[in-house]
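Please read the structure below before turning to the comments.
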Protein chains: 2
Amino acid sequence: MQDPLARYPGYVLRRASAAALAKLNERLEPLHLRHADVALLMLIDAQPGVSQSQAGRILDIQRANMVPFIARLEKQGLIERQQIDGRSRALQLTPNGQSILTQARQRVDDYEMALLNQVPASLRAHVLPILMALWGDSAP
Amino acid sequence: MQDPLARYPGYVLRRASAAALAKLNERLEPLHLRHADVALLMLIDAQPGVSQSQAGRILDIQRANMVPFIARLEKQGLIERQQIDGRSRALQLTPNGQSILTQARQRVDDYEMALLNQVPASLRAHVLPILMALWGDSAP
DNA sequence: CTAGACTGTTATATCTTATATCATTCATCA
DNA sequence: TGATGAATGATATAAGATATAACAGTCTAG
């Protein structure tokens with residue numbers, strides 16, 4: 001037996017996540033994006049005008065960490081901020097952000113397809129339900 | 001729909017892993033251990049005398065990062081190193097390390113049980129096979 | 001015996017995540 | 001209406017995890 005921890009779902013969950021994440025970042029590297037960037041772009045695309053703090057809550061990124069994160073994507077010309085009221089700022093994709101997201105989405109879809117195809121066809125339908133269940137209470 | 005990314009297995013995999021890891025670290029905090037510490041202790045327990053670099057390869061921790069990692073556990077009196085030959089060093093648990101590991105294992109088992117119980121009973125048998133498949137080629 | 005590979009180590013850099021604090025602005029309700 | 005408490009964005013800072021490059025000593029295969 002090579003890795004005696006392979007019997008523990010929690011451990012395998014962590015290893016699977018790390019391995020998958022590395023593959024995704026590899027695919028996104030040509031677009032100069034990381035997985036978290038694409039997650040935010042996709043969220044903004046699905047909910048245009050979402051506020052910075054709302055986005056942080058949905059993606060589980062703390063307010064303080066959103067600031068440099070958002071700033072970088074804004075600097076790259078992918079998103080823009082509009083003042084909603086005195087405190088909140090609405091996030092929107094720029095045309096360039098839309099374009100980049102389209103390319104990113106293609107790569108994400110390829111990645112998700114490859115990931116699912118690693119699972120035997122007979123089990124494939126159970127993947128998402130099981131992962132959602134493991135995600136647990138904080139899942140949407 | 002709250003989180004439009006919840007349809008992507010890869011994304012949910014990452015979120016599930018992060019949520020589970022936080023819970024595990026919470027359970028291990030009273031023992032002043034982190035999840036990676038316990039993984040190493042369990043590995044050494046299962047393969048006494050494993051070398052530092054072997055352990056790193058199995059747990060996917062790079063050689064350079066093993067050094068401070070091992071040093072800390074040695075300083076805590078949980079493991080000890082013995083020179084195998086001129087370069088390799090065999091890792092072993094100290095009696096204290098054994099004792100702490102017993103307590104940690106109880107907490108890990110509780111955690112793994114709670115994690116599995118989040119999954120509907122009818123799907124539970126598929127959890128490990130699916131996670132192993134998602135882990136992919138690098139899995140043991 | 002020698003060339004190449006392996007081990008542990010040091011130093012360093014980056015990314016991610018977390019905490020604490022602040023000023024401003026909004027919402028509530030007495 | 002006016003005051004209190006909560007929310008937002010921001011800043012600074014810290015800690016943890018992960019990655020790369022380089023080095024000296026050691027082993028192994030040819």
Side-chain angles (χ1 to χ4, degrees), chain A residues 11 13-26 28-29 32-40 44 49-76 79-92 138, chain B residues 11 13-26 28-29 32-40 44 49-76 79-92 138:
Chain A
Y11 176 77
L13 175 63
R14 181 166 62 83
R15 295 296 301 267
S17 171
L21 206 53
K23 289 180 194 166
L24 176 57
N25 280 330
E26 212 172 306
L28 293 177
E29 211 260 15
H32 306 290
L33 293 175
R34 283 166 263 165
H35 66 94
D37 300 335
V38 178
L40 181 60
I44 298 175
V50 65
S51 80
Q52 191 168 316
S53 60
Q54 278 177 325
R57 272 192 297 270
I58 294 174
L59 299 178
D60 197 28
I61 301 173
Q62 305 206 11
R63 259 174 332 163
N65 297 327
M66 288 294 285
V67 178
F69 187 29
I70 294 284
R72 186 167 48 80
L73 291 178
E74 195 176 26
K75 197 170 184 177
Q76 287 181 266
I79 65 176
E80 57 188 6
R81 292 183 287 181
Q82 283 180 355
Q83 203 81 16
I84 296 181
D85 56 27
R87 13 175 218 187
S88 297
R89 310 188 161 197
L91 303 177
Q92 291 194 330
S138 43
Chain B
Y11 176 77
L13 175 63
R14 179 165 64 82
R15 294 296 301 269
S17 171
L21 206 53
K23 288 181 195 165
L24 175 57
N25 280 330
E26 211 171 309
L28 293 177
E29 210 261 17
H32 306 288
L33 294 174
R34 283 166 263 166
H35 66 95
D37 300 335
V38 178
L40 180 60
I44 298 176
V50 66
S51 80
Q52 192 167 316
S53 59
Q54 279 177 323
R57 271 192 297 273
I58 293 174
L59 299 178
D60 197 28
I61 300 173
Q62 304 206 13
R63 271 201 327 268
N65 296 329
M66 288 294 286
V67 177
F69 186 29
I70 293 285
R72 185 166 48 80
L73 290 179
E74 195 176 26
K75 197 170 185 177
Q76 288 181 264
I79 65 176
E80 57 189 5
R81 293 185 288 181
Q82 284 180 354
Q83 204 81 15
I84 297 181
D85 56 27
R87 14 174 216 188
S88 297
R89 309 185 164 200
L91 303 178
Q92 293 194 332
S138 43

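All of these numbers come straight from a predicted model, not from anything done at the bench. Letters A, B, ... mirror the listed sequences (proteins, then strands); counts begin at 1.
- Between A/L91 and A/R81, the closest side-chain pair of non-hydrogen atoms falls below 4.5 Å.
- Taking atom CG on B/N25 and atom C1' on D/dA17, their separation rounds to 12 Å, with Å as the unit.
- Residues meeting the salt bridge (charged side-chain N to carboxylate O under 4.0 Å, His left out) test with B/R63, sequence neighbours left out: none.
- Place A/G86 and A/D60 on DNA chain C by their nearest nucleotides, and A/D60 ends up nearer the 5' end.
- Checked by atom type and distance alone, the side chain of B/N25 never pairs as donor or acceptor with a backbone atom of B/A22 at under 3.5 Å.
- C/dT7 atom P lies 12 Å from atom CE of B/M66, rounded to whole Å.
- In this entry the distance linking CG of B/L91 with P of C/dG8 reads 8 Å, nearest Å.
- Summarising the geometry, the separation between CZ on A/R15 and P on D/dT18 is reported as 10 Å, rounded to the nearest angstrom.
- Here the P atom of nucleotide D/dA17 and the CD1 atom of B/I61 are 9 Å apart, to the nearest Å.
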B/S/- contact track for nucleotides 6-14 of chain D, protein heavy atom under 4.0 Å: BBBBBBB--
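- Between the P atom of D/dG16 and the NE2 atom of B/H35 lies a distance of 12 Å, rounded to the nearest Å.
- Across the protein-nucleic acid pair, A/Q83 atom CD and C/dC26 atom C1' stand 13 Å apart, rounded to whole Å.
- A/Q83 contributes a side-chain N or O that, together with a main-chain N or O of A/G86, makes up a donor-acceptor pair within less than 3.5 Å.
- Rounded to whole Å, the distance from CZ on B/R34 to C1' on C/dT17 is 13 Å.
- At distances below 3.5 Å, not a single donor-acceptor pair connects side-chain atoms of A/Q52 with backbone N or O atoms of A/A55.
- At C/dA18, one or more side-chain N or O atoms of A/Q62 fall inside 4.0 Å of OP1 or OP2 (strictly under the cut-off).
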